[in-house]
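Beneath this line is the structure, given in structure tokens, with notes to follow.
This chain uses plain numbering: 1 for the first residue, then up along the sequence. The basis for the numbers below is simple: all heavy atoms, side chains too, and nothing from hydrogens, waters or symmetry mates.
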Amino acid sequence: MAENDKLECLKELQEALRVKFELEQQVEMMPVNLKKEEANLREANEKYLELTEKFNAVTDEVKSLSIRYEDAFQTRTGYEKQMEFLNTQREYEALSKQLDEAKVQEQTLLKQRGSKNAELEKLRAELDEQEKICDEAKAKVDAEREKVSSLLDDANRRLEEMDAKCEEIKGSVISDELYAKFSNIVRKKKGEGIVPVHGQVCMGCDRVLPMQFVIDLRLKQENNEIEYCPYCSRIIWYEKLDDELEKNYIFEQLEPTKSDGKGTVQEDASKSDGDSYDESMGEGFEDF
């Protein structure tokens, strides 16, 4: 059987495309850890801002309580000084009541201020701890970003090399249109865009092909043309096996062609350009 330049080229091209698509997947997955670390940093920063807002609010409360406590202190000491100048029992009783209320108010404000000061100290400690967490998260992001940048540079360099290699392999043998279709098949079929046919069986989808179709396939192959599996859309090529082994892949015998005015599959194939491709097998075709 004559060598089919297109098939040989596509087989070699398939290996290069596999490497290229694996690199593209790696590039796509590289930022995953970076995004995770960035999310951790955002969460840490948001918590820090939340604690800062609480700290500032409690600080304002402490300041307000301090002012009110100072007023209560001045009121209480003022009443105590007035006690020295009282002349009647009624005045004494009235001022004593005011003094008691002032003492209660002063003690209440003192306790409230003490409680808020304790809360403020707790928030200050939490802020310090959260600031450390933020710094550590930022350091991880910076390190991961540098790592990803280096890996991406290397991966993109290798991708450029694979693109150049693919162009070199296809040369003038594979048209741009066929290259685009084949690349799409290899990507969709997880690296298997061209597969052999053993007997009547497509080794890509394990479907049995009509015997006449296989005969037409062999004729096209000898004429440096290509064919697609009608079931899985892959490019197929007939691979001759040992006679005994090939019997396991033969399921029918070729019947004589009836003279009904219709062309045979071979005749139809001879009218084709050899690179026929069902467009429905491109984007959106289903895997088998």
Side-chain angles (χ1 to χ4, degrees), residues 17-82 97-165 183 187-188 190-191:
L17 286 171
R18 281 176 180 170
V19 175
K20 177 185 174 182
F21 295 152
E22 286 176 2
L23 282 170
E24 288 178 348
Q25 288 182 341
Q26 291 175 18
V27 168
E28 185 178 347
M29 293 300 296
M30 279 178 191
V32 171
N33 288 335
L34 175 59
K35 290 177 180 178
K36 180 181 177 181
E37 297 299 343
E38 287 175 338
N40 290 338
L41 177 58
R42 284 195 299 271
E43 183 179 348
N45 286 335
E46 288 172 1
K47 187 173 182 180
Y48 182 83
L49 290 175
E50 182 182 341
L51 286 172
T52 299
E53 290 177 359
K54 289 182 179 180
F55 181 84
N56 291 336
V58 174
T59 298
D60 291 340
E61 291 183 50
V62 170
K63 290 179 180 178
S64 176
L65 286 169
S66 295
I67 294 173
R68 292 170 60 193
Y69 171 76
E70 186 61 28
D71 291 342
F73 174 79
Q74 294 297 333
T75 300
R76 191 260 304 168
T77 55
Y79 287 155
E80 288 177 344
K81 290 179 181 179
Q82 291 179 36
K97 182 180 179 180
Q98 290 178 317
L99 179 59
D100 289 341
E101 290 175 352
K103 286 180 179 179
V104 171
Q105 179 68 6
E106 180 186 6
Q107 290 301 313
T108 299
L109 290 170
L110 183 62
K111 288 180 180 179
Q112 289 178 347
R113 189 180 69 172
S115 176
K116 287 297 177 181
N117 272 323
E119 183 180 352
L120 194 65
E121 289 304 313
K122 181 181 178 181
L123 284 171
R124 182 179 284 110
E126 290 180 4
L127 265 176
D128 291 341
E129 181 63 27
Q130 191 62 30
E131 185 176 9
K132 293 179 182 178
I133 293 175
C134 289
D135 290 341
E136 291 175 358
K138 185 178 183 305
K140 288 182 179 180
V141 167
D142 292 341
E144 188 65 26
R145 186 172 289 145
E146 183 177 353
K147 175 183 175 182
V148 168
S149 178
S150 176
L151 290 174
L152 281 176
D153 288 343
D154 181 61
N156 286 327
R157 177 185 57 77
R158 292 172 62 194
L159 272 173
E160 290 179 359
E161 293 176 352
M162 292 312 302
D163 283 334
K165 183 175 182 179
S183 296
R187 188 189 298 275
K188 293 287 186 179
K190 303 184 186 325

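Under a 3.5 Å cut-off, the side chain of Ser66 and the backbone N or O of Val62 do form a donor-acceptor pair. Between the side chain of Arg18 and the backbone N or O of Gly191 there is at least one donor-acceptor pair closer than 3.5 Å. At distances below 3.5 Å, at least one donor-acceptor pair connects side-chain atoms of Thr52 with backbone N or O atoms of Tyr48.
Using a 4.5 Å heavy-atom threshold, the side chains of Gln26 and Leu23 count as touching.
Taking both residues in full, the closest heavy atoms of Glu126 and Leu51 are given as OE1-CD2, 3.3 Å, listed atom of the first, atom of the second, then distance. Between Ala44 and Cys134, the shortest heavy-atom contact is O-SG, 3.3 Å. Taking each heavy atom of Val58 and Lys116 in turn, the nearest pair found is CG1-O, 3.6 Å.
Not counting sequence neighbours, the partners of Gln107 by the side-chain contact (heavy atoms from CB on, under 4.5 Å) test are Leu110.
In this structure, CG in Asp71 is found 9.5 Å from CZ in Arg68, a value given to the nearest 0.5 Å. To the nearest 0.5 Å, the span separating OH on Tyr79 from CD on Gln98 amounts to 4.0 Å. Rounding to the nearest 0.5 Å gives a distance of 7.5 Å between CD of Glu160 and CG of Asp163. To the nearest 0.5 Å, the span separating CD on Glu119 from OG1 on Thr59 amounts to 10.0 Å. We find the CD-CG distance between Glu24 and Leu17 to be 9.5 Å, quoted to the nearest 0.5 Å. Once rounded to the nearest 0.5 Å, the distance linking CD of Glu46 with CD of Gln130 reads 10.5 Å.
With no hydrogens or angles considered, no side-chain donor-acceptor pair links Gln105 and Glu101 at under 3.5 Å.
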Worksheet entry | From CA spacing to verdict: salt bridge (charged side-chain N to carboxylate O under 4.0 Å, His left out), Glu136, Lys140 | CA-CA 6 Å; Glu136 291 175 358; Lys140 288 182 179 180; 6.0 Å; no

Worksheet entry | Worked verdict on Lys47 versus Glu50 for salt bridge (charged side-chain N to carboxylate O under 4.0 Å, His left out) | CA-CA 5 Å; Lys47 187 173 182 180; Glu50 182 182 341; over 6 Å; no

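By the neighbour-count criterion of 12 heavy atoms within 6.0 Å, atom CD of Glu43 is sparsely surrounded, having that number or fewer from other residues, nucleotides or ligands.
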Show me, pair by pair, the donor-acceptor contacts under 3.5 angstrom made by side chains of residues 141-156, not counting sequence neighbours?
{"residue": "Asp142", "atom": "OD2", "partner": "Lys138", "partner atom": "NZ", "Å": "3.0"}
{"residue": "Arg145", "atom": "NH2", "partner": "Glu38", "partner atom": "OE2", "Å": "2.9"}
{"residue": "Asp154", "atom": "OD1", "partner": "Arg157", "partner atom": "NH2", "Å": "2.5"}
{"residue": "Asn156", "atom": "ND2", "partner": "Leu152", "partner atom": "O", "Å": "3.1"}

